[in-house]
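Below: one structure, written as structure tokens.
Only this structure's heavy atoms are used, side chains among them; waters, hydrogens and symmetry mates stay out. Labels below follow one simple rule: chain letters A, B, ... track the order of the sequence lines, proteins then strands, and each chain is numbered from 1.
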Amino acid sequence: MLNYQHTASCKCVPQNVMKYIPAEIETRWQLFWERKKTFRAQEVVNKPKIYVLDMFPYPSGSGLHVGHPEGYTATDIFTRYKRMRGFNVLHPMGWDAFGLPAERYAMQTNIHPRITTGENIATFRRQIKMLGLSYDWDRELDTTDPTYYRWTQWIFLTIYNSWFDPRAKKTRPIKALIQEFALRGSESLETDRPFTAADWMKKGKKGQQDVLARFRLAYLAEVPVNWCEELGTVLANEEVDEWTEKGYSVERRPMRQWMMRITAFAERLLEDAEQLDWPASTLEQQRNWIGRSEGAEIDFPVKGLDKPIRVFTTRPDTIFGATYLVLAPEHPFVETVTTPENRETMLDYRNQALKKSDLDRGIEKDKTGLFTGSYAVNPATRKEIPIWVADYVMMGYGTGAIMAVPGQDDRDWTFAEQYGLPIIRTVQPPEDFSGNAYTGEGPAIHSEFLNGLDVAAAKDKIVKWIEQKGIGRRTTRYKLRDWLFSRQRYWGEPIPIIHWEDGTMSQVPEPELPLLLPDLKKFQPSGTTESPLALADDWVSVVDSQTGMKGRRETNTMPQWAGSCWYYLRFCDPQNPEQLCSPEKEQYWMPIDLYIGGAEHAVLHLLYARFWHKVLFDLGYVSTREPFMKLRHQGTILGEDSRKMSKSRGNVVNPDSVVEEYGADAMRLFEMFMGPLEEMKPWSTQGVEGVFRFLKRVWRLFIAEDGTIDRKIADVRPSEGFERLFHQTVRKVGEDIELLRFNTAISQLMIFINEAYKLDRKPRGIMEQFVLLMAPFAPHLAEELWQRLGHDDTLAYEAWPVFDKEKAREKKVEVVFQVNGKVRSKIQVPAGTTETDLEAIAMRDEHVRRHIDGKRIAKKIIVKDKLVNLVVVPE
RNA sequence: GCCGGGGUGGCGGAACUGGUAGACGCACAGGACUUAAAAUCCUGUGGGGAGCAAUCCCCGUAUGGGUUCGAGUCCCAUCCUCGGCACCA
């Protein structure tokens with residue numbers, strides 16, 4: 001049944017073609033594959049599955065870059081190999097097509113982004129098809145297609161309608177929380193503002209929504225954002241660098257924005273990452289980004305105030321050295337603790353700090369700060385310590401307040417020196433220590449009951465003390481912040497929310513999805529901080545048909561990451577009109593067995609997608625904890641001058657011209673032969689010529705000058721040596737593909753060809769099998785040869801050659817004779833020659849004798865099939 | 001500064017759990033074919049030295065140490081480089 005769609009033969013082969021002309025062969029086979037749907041994945045069948053995914057591209061106006069085919073070819077080789085090994089392969093491609101460039105182009109030309117996006121996709125599709133990649137094109141998808149973004153919106157609503165239950169460490173429907181509040185209030189949940197069931201009922205719709213917003217996984221909040229005036233949009237912290245590098249400026253301002261509560265998943269994102277087969281550096285980056293740190297929260301009473309200042313520290317053991325407190329400028333206590341005479345300068349200082357982004361604050365080396373005029377009490381020493389405000393403390397991390405311990409912290413030391421604040425060491429530095437703050441290990445000093453304890457023990461003891469006194473507790477904090485989800489753009493998924501005039505909001509009812517983007521007559525920024533959608537009056541204004549209440553649609557759209565957060569799920573069931581993906585198909589195909597894409601997505605895409613996946617997992621829509629089991633990055637391809645490719649340097653290589661000149665097979669082969677997949681490596685035109693020459697050699701080995709199969713390929717028995725090489729080649733190529741080491745697999749194919757050239761008669765059976773080995777790498781050439789060898793079906797599902805371990809074994813091996821570790825002689829012996837025999841041969845060897853004569857043999861090391869090493873000493 | 005990856009011929013890169021360093025390709029040189037060139041095929045090619053020669057000797061995987069019969073591979077220190085993070089308390 002499997003091959004029924006492949007059995008028709010292609011009748012259009014011009015049998016007289018004798019030269020290797022890639023353009024001719026390649027277009028013909030690409031057409032064949034397309035017509036026969038050769039690479040269509042089968043629906044759930046009783047066959048091992050494998051899901052191999054490329055990170056889908058943003059179809060930019062400049063077309064495919066040579067970096068794209070690198071990863072795509074790698075997965076293509078892998079999947080073609082797996083098909084031949086009997087796997088049901090899912091290998092799809094699609095377009096991450098929402099994005100700022102199309103919108104900016106629309107603003108300049110007033111051409112709808114849908115049109116430019118469509119054109120760009122057409123270019124990308126053509127270029128990708130020209131490489132002969134074995135995608136199942138029936139599953140092609142486009143994030144800007146309403147039938148796709150309908151489900152992006154659905155997922156948004158699902159997230160909006162969920163909360164994270166810290167007791168179960170799990171996502172639950174918001175309905176469950178509403179029920180709980182109605183029944184028991186907030187009693188079993190930790191919250192700043194607790195309430196009873198009765199309170200809840202009295203709150204009213206708006207009041208209840210405000211409470212729920214504090215729990216929903218998607219929520220609106222007033223947050224300081226990175227606003228880019230030229231782009232007319234906010235940017236996520238992660239995106240700021242990208243745009244500032246391009247020369248855009250970003251300012252800090254508070255805005256009401258949609259956020260996603262990714263922080264609730266920090267621990268799980270960290271924990272579950274341990275199971276993943278990902279590059280160490282990527283896991284490390286994610287760990288870094290999440291930034292877990294263990295420590296304690298401690299309350300410091302404020303003189304003349306009934307509320308204490310709560311600080312977070314990872315070094316509670318140093319509390320006896322806490323000689324002052326520092327609040328972030330944004331800290332809510334700043335106004336209350338600042339004494340009237342300091343008020344004016346303080347407000348001034350705060351306003352300045354607010355304008356700076358975290359980035360700017362980081363760049364400034366000098367620390368600035370102001371004394372508030374108030375004092376707190378160090379609960380350990382019971383001494384009064386001054387409260388300062390300084391912008392080296394960030395509101396977004398910990399509690400936005402620190403206990404400053406200059407003796408053990410470099411930043412605090414610098415600040416303390418600058419403002420003449422006391423410094424007390426509470427950890428004894430080693431005698432030879434000459435620095436300022438000492439952050440290393442050592443016994444506690446000046447710390448009363450902690451004295452003598454090492455850091456870990458002191459931490460333990462002081463935390464117990466703090467908890468006993470009820471002034472704090474052990475906690476874990478994360479650097480990870482909630483994900484700023486809204487963008488002031490037109491070309492993105494509309495957020496399906498309506499804001500009503502009574503201050504409440506509601507979601508667009510599910511049957512009304514997709515909420516389509518309105519057509520705009522003119523593409524221009526709204527002129528306010530809203531997206532251009534605000535200009536579409538008809539679209540924005542809504543009236544509730546039942547109550548007549550007026551409302552406005554949410555005008556923010558989703559970030560580009562949204563569509564790529566779940567596309568891998570849609571590929572499993574791309575046309576399903578009822579569900580984002582049927583559970584049956586999801587269970588069959590997921591998780592992704594191999595995912596290849598750029599390292600630049602190490603934190604952004606890969607973290608966001610994992611987050612959404614976990615929400616969907618908790619709610620039962622997906623069956624795996626993690627989406628991407630094995631991840632690899634392709635290395636950057638540099639220009640021929642070993643520098644980054646860029647238009648300004650004029651070293652950009654265009655895939656179109658490479659394919660035109662050498663063909664897709666040569667392009668594929670070269671990109672794989674350049675070096676290890678993950679490494680950065682320079683382009684080389686001569687290298688392309690080298691692999692092109694190899695392909696021509698393969699061609700000429702099979703095809704005689706008159707275009708028929710070369711008569712040297714005949715039904716003869718292979719020599720033992722050639723047969724051995726063949727079996728070794730099958731083994732090596734198979735192993736290397738499994739390990740994604742394509743460069744060494746190709747070199748083995750070259751070795752085989754070099755040997756085959758030396759033969760007068762080439763055994764047909766082996767040569768045909770060799771064509772199959774070539775197929776994943778140079779599929780067009782392989783198909784062509786396969787057909788000319790008399791097969792009338794595609795080789796895509798031919799069984800991968802098997803090797804015989806016995807036949808691959810070398811019968812003779814070279815053994816080296818060393819004297820004192822230096823190679824003095826080499827001989828050929830039958831494999832398996834015993835140690836005793838080896839020793840005897842070595843002792844007779846004239847080269848060996850020359851070096852041992854007149855000396856005493858102190859030691860003999862003999863390794864079978866490898867070497868004999870004689871250690872001699874002067875007599 | 002911290003974390004992670006990596007330094008191998010003229011170049012891209014090979015080298016299994018420590019066991020012949022430089023596979024394969026590029027470039028280069030010589031030869032064959034050709035009127036000639038291109039293409040193609042064959043041979044050679046880490047550096048230095050001795051010899052008419054077959055051959056032999058020394059050095060060599062960033063640097064300096066160490067472990068070992070034996071180190072590109074393991075350990076320590078240093079230098080360089082790429083990537084990430086960076087007032088994260």
Presence of donor-acceptor pair under 3.5 Å, side chain of A:N288 and base of B:C85: no
base_contact_polar (B:C69 base, A:K860 side chain, donor-acceptor, <3.5 Å): no
Flag, side chain of A:N378 to backbone of A:I319, donor-acceptor distance under 3.5 Å: yes
Touch class at under 4.0 angstrom, heavy-atom based, for A:H851 against every strand present: sugar-phosphate
Touch class at under 4.0 angstrom, heavy-atom based, for A:M403 against every strand present: nothing
Selected nucleotide, minimal atom distance to A:Y392 side chain, candidates B:C87, B:C57, B:A23: B:C87
Identified pairing partner of B:U78, criterion: Watson-Crick or G-U wobble below 3.5 Å: B:A62
Proximal nucleotide (of B:C41, B:C24, B:A89) relative to the A:M750 side chain: B:C24
Base-pairing assignment for B:U40 (Watson-Crick or G-U wobble, both under 3.5 Å): B:A32
Pair assignment for B:G18, Watson-Crick or G-U wobble, requiring both distances under 3.5 Å: none
Sugar-phosphate, base or nothing in reach of A:G291, heavy atoms under 4.0 Å: nothing
Within 45° cone and under 6.0 Å: A:R610 NZ/CZ vs A:W289 ring: no
Listed nucleotide nearest any side-chain atom of A:N869, set B:C24, B:C82, B:C69: B:C69
Sugar-phosphate, base or nothing in reach of A:Q818, heavy atoms under 4.0 Å: base
A:K822 vs B:A71: side-chain N/O to OP1/OP2 distance below 4.0 Å: no
B:C56 phosphate, OP1 or OP2, under 4.0 Å from A:R850 side-chain N/O: no
Between B:C3 and B:U8 - C1' atom distance, rounded Å: 26 Å
OP1 or OP2 of B:G25 under 4.0 Å from side-chain N/O of A:N754: yes
Touch class at under 4.0 angstrom, heavy-atom based, for A:R693 against every strand present: sugar-phosphate
Per A:E284 side chain, nearest of listed nucleotides B:G4, B:C82, B:U20: B:G4
Distance in angstrom units between A:K681 NZ and B:G5 C1', rounded: 14 Å
Short side-chain N/O contact to B:C69 OP1/OP2 from A:K859, under 4.0 Å: yes
Identity of whatever pairs with B:A50 - Watson-Crick or G-U, under 3.5 angstrom: B:U55
Pairing partner (Watson-Crick or G-U wobble, both distances under 3.5 angstrom) of B:A86: none
Per A:H847 side chain, nearest of listed nucleotides B:G13, B:A89, B:U55: B:U55
Sugar-phosphate only, base, or nothing, as touched by A:R697 at under 4.0 Å among non-hydrogen atoms: sugar-phosphate
Pair A:K758 + A:E755, salt bridge at N-O below 4.0 Å: yes
Any strand: nucleotide that pairs with B:C26 via Watson-Crick or wobble, under 3.5 Å: B:G10
Candidates B:C87, B:C41, B:U20 - which lies nearest the side chain of A:D391: B:C87
Closest nucleotide among B:U40, B:A21, B:A89 to the A:I402 side chain: B:A89
Sugar-phosphate only, base, or nothing, as touched by A:S684 at under 4.0 Å among non-hydrogen atoms: nothing
Ring centroid separation A:F670 to A:Y662 under 6.0 Å: no
Phosphate contact (B:U20 OP1 or OP2) by A:R824 side-chain N/O below 4.0 Å: no
Syn/anti label of B:G9 as read from its glycosidic torsion, with the cut at 90° from 0: syn
Candidates B:G4, B:G13, B:C26 - which lies nearest the side chain of A:P676: B:G13
Phosphate OP1/OP2 of B:A14 contacted by A:N743 side-chain N/O (<4.0 Å): yes
